[in-house]
Amino acid sequence: MVDLGLTDAQEMLRNNAHRFVQDKCTREVVREIDESERGFSESLWKDISEIGWPSIVIDEQYGGMGSSLTDAGLLFEEMGWACMPSPLHSSSVLSALVLQQAGTADQRQHYLPLIADGNRIVAFAFSEPGYGWGPESIHTQANKVGDKYVVSGTKLFVPDAESADSYLLVARTRATDVSGSGLTLFIVDKEVPGIHVKEVSGWTGDKLYEIAIEDAILTEAQVVGEVNRGYEVLEPILDRGTALLCAYMLGGLQQMADMSVTYSQNRIAFGVPISTFQRVQDMIINIVNDLEAVRWTTYEALSMIDNGAREQDIAEAVSMAKIVASEGFTRGTENAHYVHGGVSVDMKYGLYLYTKKSRTLFSYLGDPAYHKKRVASLMFD
Amino acid sequence: MDFSTEITYSAEQEKFRQEVSVWLSENAQIPAEFKIPRETGDMSHELYNWVREYRKKLGAKGWLAPLWPSEYGGGGLSVDMAQVLEEELSKRKIPAIYDNRLAAPAMMVWGTEEQKQRFLPLINKGDVITWQAFTEPEVGSDAASITTSAVRDGDDFIINGTKVYIGGPFSADYIWTTAVTDQTSPRHRNLGAFYVPADLPGISFSDMELIVNVGKRFVYYDNVRVPGEYLVGGENQGWQVAQTSLEIEHGAGGSIGEGASRDGGVVAALFDYAQTAVDGAGNPLIEDPRIRDLLVEARIETHIVELIALRNYWMFNNQKRMTFHGSQNSLLRKLLAMKLGNIVLEVAGPYAMLNDSNWAPSRGVFESHQRQAITAHHPGGSSEIQKLIMARRLGLSRSKEEAAPTKVA
Ligand SMILES: Cc1cc2nc3c(=O)[nH]c(=O)nc-3n(C[C@H](O)[C@H](O)[C@H](O)COP(=O)(O)OP(=O)(O)OC[C@H]3O[C@@H](n4cnc5c(N)ncnc54)[C@H](O)[C@@H]3O)c2cc1C
């Protein structure tokens, strides 16, 4: 029997999360973080860590909550609603899941409890100047010399690289061919010589960084998972991370609907609330249509993951959700700007935080074009 | 019909082009030490002063208002000559400052002869900067519902109120403002339009912080005593007067030549990017059929807006009857900006958001366009207001409405 409702425990989780962001992550706080040099707030991170959010998807044996992705999704939705900047997604989802899935016993014992406590932040260093999210986009080279790897290349558009203590680094150890992706994953602590982090400036939703790697020496102990089979490990984890990113975008879009409804009911023009103009109603209806499309494609993907669906079906559901979320969130902020008029571009009002976030997340973990190709090939090839 | 804006020129036009070109090479060289910022609000005072001086020199030749009669500070040129002038000017890429001529058409239509003689040469010769101040914190689209008041006291008016989203960088000499002159008269018959000297006692300003830095600010009128000679168009005619300004702001006058779509160079940057960048696998973007479609879409959409602007230029300057045309120009330009922003995002992905000195394509044109496109939706009336006006002019509303008078010559 179909049941699309939340359990009582999930309702409580969401309500608590909602209260938390309302209290600790107001629009002013987000603006302040956004304008700070690192785009990162120690104190907010401490608060999040205290209530255990960085441990949400980490297994209990490593000090995590071991929650379902649907539960984690509820947190991400609330974070998105508040437009909260934090390294939670890179560190506690993408990097943590990689370590948990493929790491050696030592790596898991060492990193996961630290990540779960919020005492270690691991940035996820995948994308490069030729932007893309398939294995073919990785050109950073890791060459085996004796029992070491010498790594050179450029990572670009990496969020959280400055506030991170470590990186989950994706590099090429062989050409992609029928035997596998040829990629290898490394866990790298920040002190390694030959690695330079530099902010890439722009109107971006999160601060983004370039990581220039020049003959950095890594050891075999830093390899995570099987050599040359890195993307095989990554692909399902990228799907999980993408599903949670969609939940974040869903929250952002919910905020666009909330702000637009409230503002339009209170703003008077021509003697009536602007919400009574059909043109304004159309804009808000468009937001709500996008919102519900993002909501249910995202929930479906998360629930398929929790219910152990076939990886291929998960991949298809996640890619569809990301297409809908990328387009819906971007369009939703656009509509919210229309509804609000001039005040929408006033920085004090803070709508722009969502605007630039939507445009940054549009491409992150794959833009609609990438995911459309993926869905088409899952369907027809 | 002849769409060419460049193909056939008369000998007279070519001679004039030569004159303009020579003059510009002497007067339109921005000193190399000035950094040209992307946004006018980020201009240095030195650059701003240079641009103002340059505009005064242009104004002295009548070239700021080429089609206007010379007795009012214009150039008295024919459309053919003005076209050549626009073409030459647009090649020089002198940074724009706030369009301070918006008050001129209304002054021309509604001002007394004395006001025209006094103010129009100042505006048209670039001697003064005028900011248009209609919007208030509680009133934007519904510009007739403003509450700023102008109470008559002898020959003067005492103005009180607050205006928002006003102005441009640095300072103004005059503020072109609307205020309620008659609290008891019905809507549209209760306003006055004032050309207020900006240095009158009781006027103050505070900065706004918008996502595009164009120097916008609040204007506060605190018991400002404005002599009656600054009221334009009579005591309860302010709504009608403001309509003339807005008609022009919407784009009734059209534009011609390069940059008519006012896309800020984003399309050129897009084509450039697509022809040089590669995707993750190292394949040139320009070989991807999806990208090619998007580029052609950008070209078509932009070209349509250029043609609409050209249509208005032709209609306006040949005394054709205009109805919905001004608002259509504005509407399509606003929609185009958003559409181009989305196309850029699809083609350039995260590069669309960069202004980084190393990594941003075309030195950040994309990033700035993303912010501009969203911002441009509001000034001069939102898309919805343009649609509303179009509908009225098309006879789709309860009452059919005519375009406000704008004729200059
Ligand atoms: C960058 C910038 C520069 C500006 N420069 C100036 C300037 O120099 N001088 C100046 O005076 N003002 C200026 N403005 C103000 C601008 O004109 C107003 O923002 C604009 O008219 C919209 O008004 P508003 O912001 O109050 O929105 P509102 O009027 O509150 O409108 C909110 C929403 O309601 C919709 N709406 C309102 N009425 C209707 C209706 N009847 N039917 C359907 N929908 C409707 C609008 O389309 C919009 O979506 C500027 C604004 C910006 C952002």
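The sequence lines fix the lettering, A, B, ..., with proteins before strands; numbering per chain opens at 1. Just so it is clear, the model here is predicted, and its values are computed rather than measured.
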### Message
Does B:R290 have more than 12 heavy atoms from other residues, nucleotides or ligands lying within 6.0 Å of its CZ?
### Response
yes
### Message
I'd like to verify something: which residue of A:Y131, A:W203, A:Y370 has the highest number of heavy-atom pairs under 4.5 Å with chain B?
### Response
A:W203
### Task
Look at atom CZ of A:R38 and say whether more than 12 heavy atoms of other residues, nucleotides or ligands are closer to it than 6.0 Å.
yes
### Message
Working note: A:S344 + B:H378, criterion side-chain hydrogen bond (donor to acceptor under 3.5 Å, both in side chains); need CA distance, chi angles, decisive distance, verdict.
### Response
CA-CA 9 Å; A:S344 74; B:H378 315 291; 3.2 Å; yes
### Message
Taking atom CD as the centre, does B:E138 end up with more than 12 heavy-atom neighbours from other residues, nucleotides or ligands that are less than 6.0 angstrom away?
### Response
no
### Task
Indicate yes or no: at least one non-hydrogen side-chain atom of B:M338 is less than 4.5 angstrom from one of A:Y338.
yes
## Note on the structure
Bottom line for A:S137: the part with an atom under 4.5 Å from chain B's heavy atoms is both
### From OG (B:S382) to NE2 (A:H340), nearest 0.5 Å
14.0 Å
### Query
More than 12 heavy atoms of other residues, nucleotides or ligands under 6.0 Å from CZ of B:R189: is that the case?
no
### Greatest number of heavy atom pairs closer than 4.5 Å to chain B - which of A:I268, A:D367, A:V343, A:T360
A:V343
### Task
Take atom CD of A:E214 as the centre, draw a 6.0 Å sphere, and report whether it contains more than 12 heavy atoms from other residues, nucleotides or ligands.
no
### Query
Does some side-chain heavy atom of B:V212 sit less than 4.5 Å from a side-chain heavy atom of A:V345?
no
### Task
Evaluate the side-chain proximity of B:I211 to A:M347: yes if any heavy-atom separation is below 4.5 Å, no if none is.
yes
### Query
Tell me, do B:V139 and A:F270 make a side-chain contact under 4.5 Å, heavy atoms counted?
no
### Task
Mark yes when over 12 heavy atoms from residues, nucleotides or ligands other than A:Q278 sit less than 6.0 Å from its CD; otherwise mark no.
no
### Summary
Okay, A:T355 and chain B: the region with an atom under 4.5 Å from a heavy atom over there is side chain
## Note on the structure
Turns out that what part of A:Y364 lies under 4.5 Å from chain B's heavy atoms comes down to neither
### Segment of A:V280 engaging chain B (4.5 angstrom heavy-atom cut-off)
neither
### Message
With a 4.5 angstrom heavy-atom cut-off, is it the side chain or the backbone of B:L388 that approaches chain A, or both, or neither?
### Response
both
### Task
Could you tell me which of A:Y352, A:F157, A:Y349 has the largest number of non-hydrogen atom pairs under 4.5 Å with chain B?
A:F157
### Query
With only heavy atoms counted, which part of A:R359 is less than 4.5 Å from chain B, the side chain, the backbone, both or neither?
both
### Part of B:T375 lying under 4.5 Å from any heavy atom of chain A
both
#### Entry: Atom group of B:A281 that falls short of 4.5 Å from chain A, counting heavy atoms
both
### Query
What distance separates A:T204 OG1 from B:Q370 CD, expressed to the nearest 0.5 Å?
12.0 Å
### Query
Between A:R267 and chain B, which part of the residue has a heavy atom less than 4.5 Å away: side chain, backbone, both or neither?
side chain
### Message
Please identify, among B:K216, B:K387, B:E346, B:M208, the residue contributing the most non-hydrogen atom pairs under 4.5 Å to chain A.
### Response
B:K387
### Query
Can you say whether A:D346 sits under 4.5 Å from chain B via the side chain, the backbone, both, or neither, judging by heavy atoms?
both
### Query
When rounded to the nearest 0.5 angstrom, what distance separates CD1 in A:I274 from CG in B:D142?
11.5 Å
### Task
With a 4.5 Å cut-off on heavy-atom pairs, point out which of A:K348, A:E210, A:E128 contacts chain B the most.
A:E210
### Task
Count the heavy-atom pairs under 4.5 Å between each of B:A352, B:G349, B:P350 and chain A, then report the option with the highest count.
B:P350
### Query
Out of B:D279, B:V278, B:I374, which one racks up the most heavy-atom pairs below 4.5 Å with chain A?
B:I374
### Message
So which residue, A:S127, A:P129, A:P368, ends up with the most heavy-atom pairs under 4.5 Å with chain B?
### Response
A:P129
### Query
Any donor-acceptor pair under 3.5 Å linking the side chain of A:H139 with the backbone of B:G280?
yes
### Task
Give the minimum heavy-atom separation between B:D356 and A:V200, together with the two atoms involved.
OD1-CA, 3.3 Å
### Message
Does this structure show an ion pair linking A:K356 with B:E367, if we count only N-O contacts that are shorter than 4.0 Å?
### Response
no
### Task
Using non-hydrogen atoms and a 4.5 Å limit, figure out which bit of B:F366 sits close to chain A: side chain, backbone, both or neither.
neither
### Query
Hey, mind stepping through B:N358 and A:K198 against side-chain contact (heavy atoms from CB on, under 4.5 Å) and telling me if it holds?
CA-CA 11 Å; B:N358 258 335; A:K198 210 169 138 243; 3.4 Å; yes
### Residue among A:W133, A:F277, A:F362 with most heavy-atom pairs under 4.5 Å to chain B
A:F362
### Message
If I measure from the heavy atoms of chain B, does A:L208 come under 4.5 Å with its side chain, its backbone, both, or neither?
### Response
neither
### Query
chain A heavy atoms under 4.5 Å from B:P137: which part of the residue, side chain, backbone, both or neither?
backbone
